[in-house]
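Structure record follows, encoded as C-alpha cells.
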Amino acid sequence: MLDRKLIRENPELVRAGAKRKGIDAPVDEFLRIDQEWRASVQQLEQKKAESNSISKSIGQLMGQGKTAEAEEAKAQTAQLKSDIKDLEPIERELEAKLHELELQFPNLPHESTPDGLTADENVEVRAWGEKPNGEFLPHQQIAEDLKIIDFAAGAKVSGSGFVVYTGLGAKLVRALVSFMLDFQTERNGYYEVYPPALVSSESLTGTGNLPKFAEDLYKTSDDLWLVPTAEVPVTNLLRDEILDGGQLPIKYAAYTPCFRREAGAAGRDTRGILRMHQFDKVELVKYVHPNESYNELELLTSDAESILQALGLHYRVLLLCAGDMGDKGCKCYDLEVWAPGEERYLEVSSCTNFEAFQSRRTNIRFRPEAGAAPEFVHILNGSGLAIPRLMVALMETYREADGGITIPEPLRRYMGVDRIEPIG
RNA sequence: GGAGAGAUGGCAGAGUGGUCGAUUGCGACGGUCUUGAAAACCGUUAAGGUGAAAGCCUUCAGGGGUUCGAAUCCCCUUCUCUCCUCCA
C-alpha cells in the first residue's frame with residue numbers, strides 16, 4: 001500500500017513506477033474516487049458537526065431546567081439526522097472502493113533497482129566461491145541411492161509435490177533448521193520466534209499476499225490459511241503497535257514449514273525437491289528506521305549469504321530488475337546457490353526492502369523521538385534459507401565417488417555424523 | 001465442548017446516559033534545584049481523517065441498535081482470563 005498523499009500529489013511518479021514493473025496502476029480511477037470521497041467526507045462531517053453542537057446545547061438547556069427550549073432543539077435535529085443517514089452509506093461505499101483500489105497499487109521500485117521486465121534482465125552483483133569440478137549427479141538420484149528421501153512415499157501419502165525425508169535425510173532437515181537459527185541468533189543478532197503456521201486473512205492482507213494472490217495459498221475450512229512463509233506471521237507480530245525509535249532495528253528469525261499451491265508453476269521444476277507444496281524455511285524479518293533501510297538490506301543479504309559461506313557452497317547474488325521482483329518490493333536481491341548436478345543456480349533466498357508498503361498495511365509505526373509524531377517503519381525480509389534447495393546443493397556438491405555425502409563441518413554437531421555413508 | 005468474568009490511552013487502572021478524548025498512578029519528555037546525578041517540586045504527554053488554516057469529524061475490542069446525545073443501556077461477533085470436561 002502506498003501513501004495516499006503520494007498518489008494524489010505525484011500521480012505520474014506512481015504510474016511510472018508501476019509501469020517499470022509492467023503493471024498498469026489504476027491511477028486515474030483512484031484520483032476520481034478520491035476526489036468524490038473527500039467531497040463526501042466534508043459534506044457528511046459538516047452535518048455531524050451541526051448535529052453534535054445542537055445535542056450539546058440540549059444538554060446545557062436540560063441542565064438549566066429549560067425543558068421547553070430543549071424540546072424545540074430536539075425537533076431541529078430530525079432533518080440533520082436523516083441527512084446524515086443518507087450521506088453515510090455513500091461515504092462508506094466510496095471509502096471502501098478507494099481502499100480496494102489502493103490495495104491494487106504495487107510498491108514502487110527504488111532508483112537503484114534496474115529496469116527490466118523479465119528474469120533475463122536481473123543483474124549479477126557478486127559471486128562467492130567457485131563451481132566445483134568433477135562429475136555430479138542430480139540430487140534425486142543421490143537421495144534415492146542413500147535412501148534419505150522417499151519420493152514415492154510422499155506421493156502415496158499426499159500426492160505430487162510432497163516427499164518424505166527418511167533417516168539421515170530427515171535429520172539433515174532438522175540439523176539445517178537448528179544450524180541456521182543458531183547461526184542467525186548467536187552470530188547475527190536475530191531474536192528467535194516460532195509462530196503459528198495457520199494465519200488469518202488479515203495477516204495475509206498485511207503482507208500483501210491477499211487479496212491479489214489468494215490462488216497461491218491453501219485455505220482451510222475455518223477461514224485460516226496455511227502460511228506460504230514465516231514472513232506472514234512474523235511481519236504481523238507487531239501489527240498496530242507504535243515502537244520506540246530506540247528499539248530499532250528489531251530483527252526476528254523464525255522457522256516454519258511453508259505451504260504453496262504453486263498453481264501458476266505447474267510443470268516447472270518438477271524434478272526432485274526443487275519445487276514443492278510443503279517445505280521448510282528459516283526466515284529473517286527486520287523492522288528498521290526508514291533512513292537505514294537500504295543499508296539494512298545490504299546487511300540482511302549478507303546475513304543470509306553467511307549461511308552459504310559457512311557451508312562452503314558456491315553462489316551468486318542477483319539484483320532483481322523492476323519487473324521480476326514482484327508487487328511488494330522496492331529493491332530485492334536473490335541468492336542463488338550452485339547445484340552442480342542440476343548444472344544451474346537455484347534460488348534459496350530473496351532479500352527485499354519493502355520500505356513502508358507492509359507497515360502501512362499492518363499499521364506498524366515508531367516514534368523517532370519522544371513526543372514526535374509516529375512514522376511507519378520500513379520492513380525487510382529474506383530467507384535464511386529455504387531448506388530443500390539448500391539440500392540439493394549440499395547433496396550434489398558434497399557427494400563423493402563412493403556415493404556417500406560429506407557433511408560440512410558446521411553441520412556435524414547437529415547431524416551427529418561426519419558423513420552419510422553409502423548403503424553397502 | 002459446558003459455566004462464569006472481562007476487553008478503556010505506552011503500561012496500570014477509574015469512569016455506568018450530557019463540556020469525557022476520558023480522573024489518577026507509573027513511564028516518557030521539558031523545567032526548577034544540583035558541580036553532575038538521584039530525590040523533590042512544576043509543567044507537557046493518544047491516534048487517524050479532512051481542511052490553505054482556524055477548526056471540524058472519527059476512535060474507550062469489532063459490528064449493529066436505542067437516544068437529541070453512548071466508554072456508559074440493548075443485541076451479535078471476536079479475543080482474554082477462571083472453573084469444569086476432553087486431549088497431543
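Throughout, a chain's letter reflects where its sequence line sits, starting with A, and its residues are numbered from 1.
- Between B:U85 and B:U19, the distance separating the two P atoms is 49 Å to the nearest Å.
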side-chain hydrogen bond (donor to acceptor under 3.5 Å, both in side chains) between A:Thr166 and A:Lys147, intermediate numbers included | CA-CA 7 Å; A:Thr166 53; A:Lys147 295 201 188 308; over 6 Å; no
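- Across all strands shown, B:G10 forms a Watson-Crick or G-U wobble pair with B:C26, both key distances being under 3.5 Å.
- The base of B:G51 has none of its N or O atoms less than 3.5 Å from a complementary donor or acceptor on the side chain of A:Gln42.
- Base-pair partner of B:U19: not found among the strands shown (Watson-Crick or G-U wobble, both distances under 3.5 Å).
- Contact annotation for A:Ala73: no contact, since no heavy-atom pair falls under 4.0 Å across all strands.
- In this structure, A:Ile54 reaches neither bases nor backbone, as no heavy-atom distance under 4.0 Å exists between it and the strands shown.
- B:G6 and B:G21 have their C1' atoms separated by 23 Å, given to the nearest Å.
- Taking only side-chain atoms of A:Lys74, from C-beta outward, the nucleotide of B:A46, B:C68, B:G51 with the closest atom is B:C68.
- Between A:Glu45 atom CD and B:U59 atom P there is a gap of 11 Å when expressed in whole angstrom units.
- Nearer to the 5' terminus of RNA chain B, by closest-nucleotide assignment, is the contact made by A:Ala373 (compared with the other of A:Asp34 and A:Ala373).
- In this structure, A:Lys251 forms a cation-pi arrangement with A:Tyr190, its terminal cationic atom sitting closer than 6.0 Å to the ring centre and no more than 45° off the ring axis.
- To the nearest whole angstrom, the two C1' atoms, one in B:G9 and one in B:C73, are 24 Å apart.
- With a 3.5 Å ceiling on both atom-pair distances, the Watson-Crick or G-U wobble partner of B:C41 is B:G31.
- When the nucleotides B:C57, B:C68, B:U50 are ranked by their closest atom to the side chain of A:Thr77, B:C68 comes out on top.
- Of all nucleotides present, none satisfies the Watson-Crick or G-U wobble test against B:C60 with each distance under 3.5 Å.
- Between A:Arg367 and the phosphate of B:G27, there is no side-chain N or O to OP1/OP2 separation shorter than 4.0 Å.
- When the nucleotides B:U50, B:G64, B:C57 are ranked by their closest atom to the side chain of A:Lys48, B:C57 comes out on top.
- In this structure, B:A70 makes no Watson-Crick or G-U wobble pair, since no nucleotide meets both defining distances under 3.5 angstrom.
- A salt bridge does not link A:Arg239 with A:Glu202: every distance from a Lys NZ or Arg NE/NH1/NH2 to an Asp or Glu carboxylate oxygen is 4.0 Å or more.
- Note on A:Arg8: only backbone sugar-phosphate atoms sit closer than 4.0 angstrom, heavy atoms only; bases stay farther off.
- Classified by interplanar angle (parallel below 30°, tilted 30° to 60°, perpendicular above 60°), the ring pair A:Phe30/A:Phe105 is perpendicular.
- When the P atom of B:G49 is taken as reference, atom CG of A:Leu94 falls 18 Å away, rounded to whole Å.
- Remark: C1' of B:G18 and CG of A:Asn52 are 12 Å apart, rounded to the nearest angstrom.
- Proximity note for A:Val41 (side chain, C-beta onward) versus B:U50, B:G69, B:G48: the nearest is B:U50.
- Which of B:U50, B:A47, B:C68 sits closest to the side chain of A:Trp37 comes down to B:U50.
- Between the side chain of A:Thr220 and the main chain of A:Leu224, a donor-acceptor pair closer than 3.5 Å is present.
- Figure legend: cation-pi geometry between A:Arg8 and A:Trp37 absent, as NZ or CZ is not positioned both under 6.0 Å from the six-membered ring centre and within 45° of its axis.
- No engagement by A:Lys56 is indicated, since no non-hydrogen atom pair under 4.0 Å with the nucleic acid exists.
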